[in-house]
Amino acid sequence: MISREDVEHVARLARLALTDAEKERMRVQLDAILTYIDKLRALDVDGVEPTAHAVRLVNVMRDDEITPCLPQDEAVANAPDPSGEFFRVPRILEG
Amino acid sequence: MSSPISDGGSRRLAVATRPDYEVVIGLEVHAQLLTRTKMFCGCPTSFGAAPNTQTCPVCLGMPGTLPVINRRTIDFGVRTALALNLRINTASRFARKHYFYPDMPKNFQISQYEEPLAEEGSLEIDQTDGTVRRIRIQRLHLEEDVGKLIHEGTLETAQASLVDFNRAGVPLMETVSHPDLRSPEEAAAYLKSFRAVLVYLGVCDGNMEEGSLRCDANVSIRPRGQTELGTKVEIKNVNSFRNVQRALQFEVQRQAKALDAGERIVQETRLWDADRGYTRSMRSKEFAHDYRYFPEPDLGPLALSSVFVDEARAALPELPRARRQRFVAAHGLPAYDADVLTQSRALADYYEAAVREFPHAKIVSNWVMSELLREIAADDERAIAGAPISPARLADLLRLIEAGTISGKIAKDVFQKMFRTGEDAHAIVDREGLTQVADAGALDTLVEQAIAANPRMVEDFRRGKTQAAKAIVGQVMKASGGKANPAIVSRLVEVKLAKA
Amino acid sequence: MAPALTGLTMHELTDRYRRGDARPSEVTEAYLARIEKLDDQVAAYVTVVREAALAAARAADERYRTSQPLGPLDGVPVAIKDVFCTRGVRTTCSSKILENFVPPYDATAVARLTAAGAVMLGKTNMDEFAMGSSTEHSGFKVTRNPWDLARVPGGSSGGSAAAVAGELAAAAIGTDTGGSVRQPAAFCGVVGLKPTYGRISRYGLIAFASSLDHVGPITHDVRDAAAMLQTLAGVDPRDSTSVDAPVPDYTAALAGGVAGLRLGVPREYFTEGMDPEVERAVRVAIDRLRELGATLEEVSLPTTDYGLAVYYIVAPAEASSNLARYDGVKYGLRVPGGRDLIDMESRTRAAGFGAEVKRRIMLGTYALSAGYYDAYYGRAQKVRTLVKRDFEAAFGRVDLLVGPTTPGVAFKHGEKEDPLAMYLNDVFTVGANLAGLPAVSIRCGFSASGLPIGLQLIGRPFDEARVLRAAHAYEQATDWRARRPAR
Ligand SMILES: [Mg+2]
Ligand SMILES: [Zn+2]
């Protein structure tokens with residue numbers, strides 16, 4: 001059973017500002033989905049290897065060779081608050 | 001900061017540390033790998049470029065972009081792991097570590113979690129008292145660096161901050177020691193040896209000013225004899241040997257005072273303020289620290305073959321400690337000399353090249369330590385490799401002394417001139433006529449003049465004050481502008497005084 | 001002349017180009033005119049790039065004039081799902097959070113299409129960040145099904161499927177994470193192919209769930225799907241999960257029919273709740289394949305039901321991570337006036353993401369959070385292994401699996417408000433995503449109300465050729481293709 005506190009904690013982790021109405025709707029819906037998902041508990045998965053990828057590739061690497069960078073203006077072109085050559089962000093409060 | 005031996009500070013610390021508490025320290029070192037390009041994209045890693053000019057869609061975390069592992073980062077990681085006797089995991093993988101911070105373009109860091117590149121090894125450090133300490137290493141893993149934040153004002157007062165992503169995606173190698181370190185100076189010694197290993201391996205330039213090597217420390221104290229560990233505090237941002245010592249000293253004192261006062265130590269992260277010389281709590285909302293690691297779905301796992309690992313092992317260079325021991329054994333150098341001369345691979349190479357040309361180990365050692373290191377820091381790889389006086393030319397100079405062509409005193413001036421001008425010893429000695437006066441004829445006159453000019457000294461000599469002879473020798477040497485051969489002069493003086 | 005031109009398949013078009021009966025610019029004009037006229041009803045497009053399209057078309061004209069065409073895509077007007085990054089062209093993922101994002105790079109799939117001479121008409125609407133099965137969850141507009149404007153085109157690639165069905169593009173590409181190419185293809189009565197995981201590069205495809213996202217063509221017929229796959233397939237140094245396996249000649253492989261092919265019919269793909277009209281049409285289609293020489297065998301995929309549950313853990317978990325980057329710092333939306341960074345980020349994400357996206361970010365974040373990882377993500381990854389084993393076991397006995405693409409036909413707008421009810425649409429399609437298998441949806445009939453019904457064929461890894469061959473044989477033996485939506 002997922003609680004209002006769970007919803008608020010997860011919303012904080014996910015950086016989502018939810019209204020009280022959204023929180024409640026979210027709680028009900030997540031609860032329904034998680035209940036559906038709980039059917040997975042019925043299966044015995046002891047000793048079963050997890051699958052991260054359907055097609056398993058190993059040791060895919062590139063050589064240490066320089067490729068062209070973006071010009072500075074293109075790099076910051078999409079910034080909502082560009083500050084010349086930087087990306088600008090509001091003040092950071094540690095915690 | 002990293003002079004040949006930086007334990008001047010630690011002696012002071014040794015006095016400061018508390019005998020009634022045992023100090024328990026573990027170090028987490030992040031080393032920037034010496035690759036041409038970033039961990040997961042082809043952007044260059046060079047330091048000091050204009051803001052956001054060394055970025056691409058991948059390291060800016062733009063939508064739809066994907067990481068591709070830089071092969072050299074794996075090679076370097078494996079090389080280091082082998083040098084530290086770590087066990088290379090045949091299966092390892094990358095994972096995503098999640099937390100929101102604006103210097104991190106994707107708001108997750110590609111790192112390694114459950115299956116790091118290597119685990120369980122150790123680094124042996126020789127202590128000033130000659131004993132050896134084996135510091136166990138927990139794990140070694142690879143991860144990407146974050147960008148740089150420039151605060152308008154200080155972090156506390158800034159109304160806004162600016163982000164430069166040039167550093168974002170630069171490859172880092174994180175190495176975590178077990179809590180085996182027992183004093184701030186031991187921590188510094190560990191960091192020093194660790195750095196030397198990386199530099200010898202050529203995987204990191206070890207430049208702490210530019211942040212190529214960064215250190216976080218976990219420190220706790222416990223009353224001597226107590227078995228369970230005290231509450232540990234993590235100290236961030238201790239980025240020089242000296243700061244490791246200062247920060248740890250401060251923290252040890254802080255915790256000791258707290259315990260004395262019957263307070264409890266809070267498990268927290270504290271930031272070392274090098275300017276103000278204290279650690280302060282970062283009081284960040286630790287509760288929110290839930291990194292939600294899971295295997296990076298955009299990268300397959302690594303399965304390193306034993307063949308690959310064996311090849312890497314075979315290619316390992318001689319490491320600082322082995323070389324130091326060989327310098328003592330093979331060249332018969334004092335431990336102190338060996339320690340200084342193995343501060344960096346370049347310096348040790350320089351020394352051995354010079355000894356090959358001029359096989360008098362201790363003489364070469366003296367000249368390198370006193371003269372060369374007066375000009376260049378022992379760990380400045382680049383400067384030593386490109387020193388204006390090559391090992392061969394230093395050997396030439398030493399041969400001139402051996403042959404008696406110039407005096408040791410003159411040779412030191414010649415060394416200076418060689419260093420400034422890049423000329424070889426012969427050129428300077430010939431041009432400036434610095435060869436010693438060894439012809440007795442020329443010296444006779446100088447000696448007679450000196451004796452005539454100092455009747456009192458002659459008197460003293462007659463009265464049995466033998467050192468008066470030395471004074472006259474000094475006069476002669478002075479008159480010759482230091483070019484007279486001291487041995488011949490004193491022989492002549494004795495003869496003439498006897499006659500006189 | 002123009003309306004006729006817009007109904008043609010890629011191969012019919014390029015035949016005409018080569019014969020000189022039509023020119024790419026002429027056809028492109030015809031499509032642009034049709035989009036002009038009809039797209040405010042269908043709402044397939046988010047962005048139309050008229051000038052760029054005409055320029056590309058004229059270049060193609062020139063190649064045909066000098067009889068140096070680039071191949072089966074040269075001069076073909078195509079629609080690109082707005083999940084693919086397009087250099088210099090706004091790419092939104094149908095999300096307000098990316099409303100004004102202009103990528104400085106092309107997705108590899110887009111680069112390959114344009115290099116082959118395809119003419120991009122524009123970017124198509126989708127469920128925001130590809131999360132949905134109806135294209136109702138777009139941050140901008142609701143796409144309608146050309147067969148019945150009151151109904152959904154399916155999703156998340158609903159814009160691309162509607163564009164092809166509605167003759168607003170000759171072909172399109174979409175993405176399929178849990179059925180997002182095949183399900184809208186079924187609802188719109190077109191061909192939708194999801195190849196093997198790793199067959200087509202994901203570079204520049206805005207990630208929803210990295211281990212499940214696939215690129216796929218949406219076309220009028222199977223021959224077109226084969227030609228498009230030919231162009232898109234192949235390893236990409238930019239995508240570590242793309243596979244360096246030989247790419248066969250898919251078009252040549254279409255010949256040969258189904259004689260001797262062993263088809264497996266999964267028992268679990270015919271469920272209680274499914275639409276009887278769909279079941280009937282699919283059963284008839286399977287009989288037809290038998291008449292054409294295939295042998296049939298019932299097989300079982302016991303974990304089919306669990307597949308959906310696995311999908312609704314793995315996909316949101318990966319999504320919660322992939323979507324963390326949208327924070328109002330580097331690109332896209334920023335809600336002004338935040339007290340501080342965290343406030344700005346939280347309000348930007350709250351305003352920029354729609355309800356469904358927020359729901360999945362929450363679900364995924366929860367599933368990965370401390371204390372729940374093993375119970376949810378960890379367990380889901382293990383069950384995923386069981387799902388894969390089911391398919392492996394089945395393919396030990398048969399060459400292809402055949403069944404319905406969806407339990408029902410296109411539903412009405414707003415009919416499925418409850419998230420779970422919506423999710424159940426994917427029950428037959430997610431399996432192929434979890435196991436990374438090639439699968440295609442083709443038209444196999446119509447409901448009494450005149451809505452298309454989709455037949456799904458699933459193959460072994462990298463066996464696209466056989467999947468397409470069977471689909472082609474069925475298509476040739478039936479005349480469902482003849483029917484067109486009104487207007
Ligand atoms: Mg780290
Ligand atoms: Zn880059």
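In what follows, chains carry the letters A, B, and so on, assigned in the order in which the sequence lines appear, proteins first and then strands, with residues in each chain numbered from 1.
Across all their heavy atoms, C:Glu318 and B:Pro297 have their closest contact at OE2-CB, 4.0 Å. The shortest non-hydrogen separation linking B:Gly61 to C:Tyr331 is O-OH, 2.6 Å. Nearest heavy atom pair, residue C:Ser240 against residue B:Asp298, reads CB-O, 3.7 Å.
Heavy atoms of C:Ala370 lying under 4.5 Å from chain B belong to its backbone as well as its side chain. Contacts between C:Gln381 and chain B at a heavy-atom distance below 4.5 Å are absent for every atom of the residue. Looking at B:Phe165, the atoms closer than 4.5 Å to chain C (heavy atoms on both sides) all sit in the side chain, from C-beta outward. Contact of C:Thr365 with chain B is made through backbone and side chain together, with heavy-atom distances under 4.5 Å. Only the side chain of C:Leu341 comes within less than 4.5 Å of a heavy atom in chain B; its backbone stays farther off. In this structure, the portions of C:Asn322 lying under 4.5 Å from any heavy atom of chain B include both its backbone and its side chain.
Within a 6.0 Å sphere centred on NZ of B:Lys148, heavy atoms belonging to other residues, nucleotides or ligands number 12 at most. Crowding of B:Tyr113 atom OH: a count of heavy atoms from other residues, nucleotides or ligands under 6.0 Å not exceeding 12. Other residues, nucleotides and ligands place more than 12 heavy atoms under 6.0 Å from the NZ atom of C:Lys358.
The shortest side-chain heavy-atom distance between B:Val58 and C:Tyr203 falls under the 4.5 Å cut-off. Within the 4.5 Å cutoff, side-chain heavy atoms of B:Phe100 are placed close to those of C:Arg349. Using a 4.5 Å heavy-atom cutoff, the side chains of B:Pro63 and C:Tyr326 are in contact. Two residues are said to be in side-chain contact when any heavy atoms from C-beta on lie closer than 4.5 Å; B:Tyr291 and C:Ser369 fail this criterion.
Rounding to the nearest 0.5 angstrom, the gap separating the CE atom in B:Met62 from the CD1 atom in C:Ile206 is 11.0 Å. Of the inter-residue distances, the one linking B:Lys106 atom NZ with C:Asp327 atom CG reads 12.5 Å to the nearest 0.5 angstrom. The distance from atom CD of B:Glu296 to atom OG of C:Ser210, rounded to the nearest 0.5 Å, is 7.0 Å. Considering OG1 of C:Thr241 and CG of B:Leu66, their distance stands at 6.5 Å, rounded to 0.5 Å. Rounded to the nearest 0.5 Å, atoms OH (C:Tyr373) and CG (B:Asp290) are 12.5 Å apart. Once rounded to the nearest 0.5 Å, the distance linking OG1 of B:Thr65 with CZ of C:Arg325 reads 5.5 Å.
Although no hydrogens or angles enter the test, the distance criterion places a donor-acceptor pair under 3.5 Å between the side chain of C:Lys330 and the main chain of B:Pro105.
Top candidate by heavy-atom pairs under 4.5 Å with chain B, chosen from C:Gly204, C:Cys85, C:Ala209, is C:Gly204.
Residues of residues 93-104 of chain C having a heavy atom under 4.5 Å from any heavy atom of chain B, listed by number: C:Leu98, C:Phe101, C:Pro104.
A donor-acceptor pair shorter than 3.5 Å can be found between the side chains of B:Arg96 and C:Ser321.
Scanning for ring-ring contact (aromatic ring centres under 6.0 Å, His included) contacts around B:Phe294 gives B:His98, C:Tyr377, with sequence neighbours left out.
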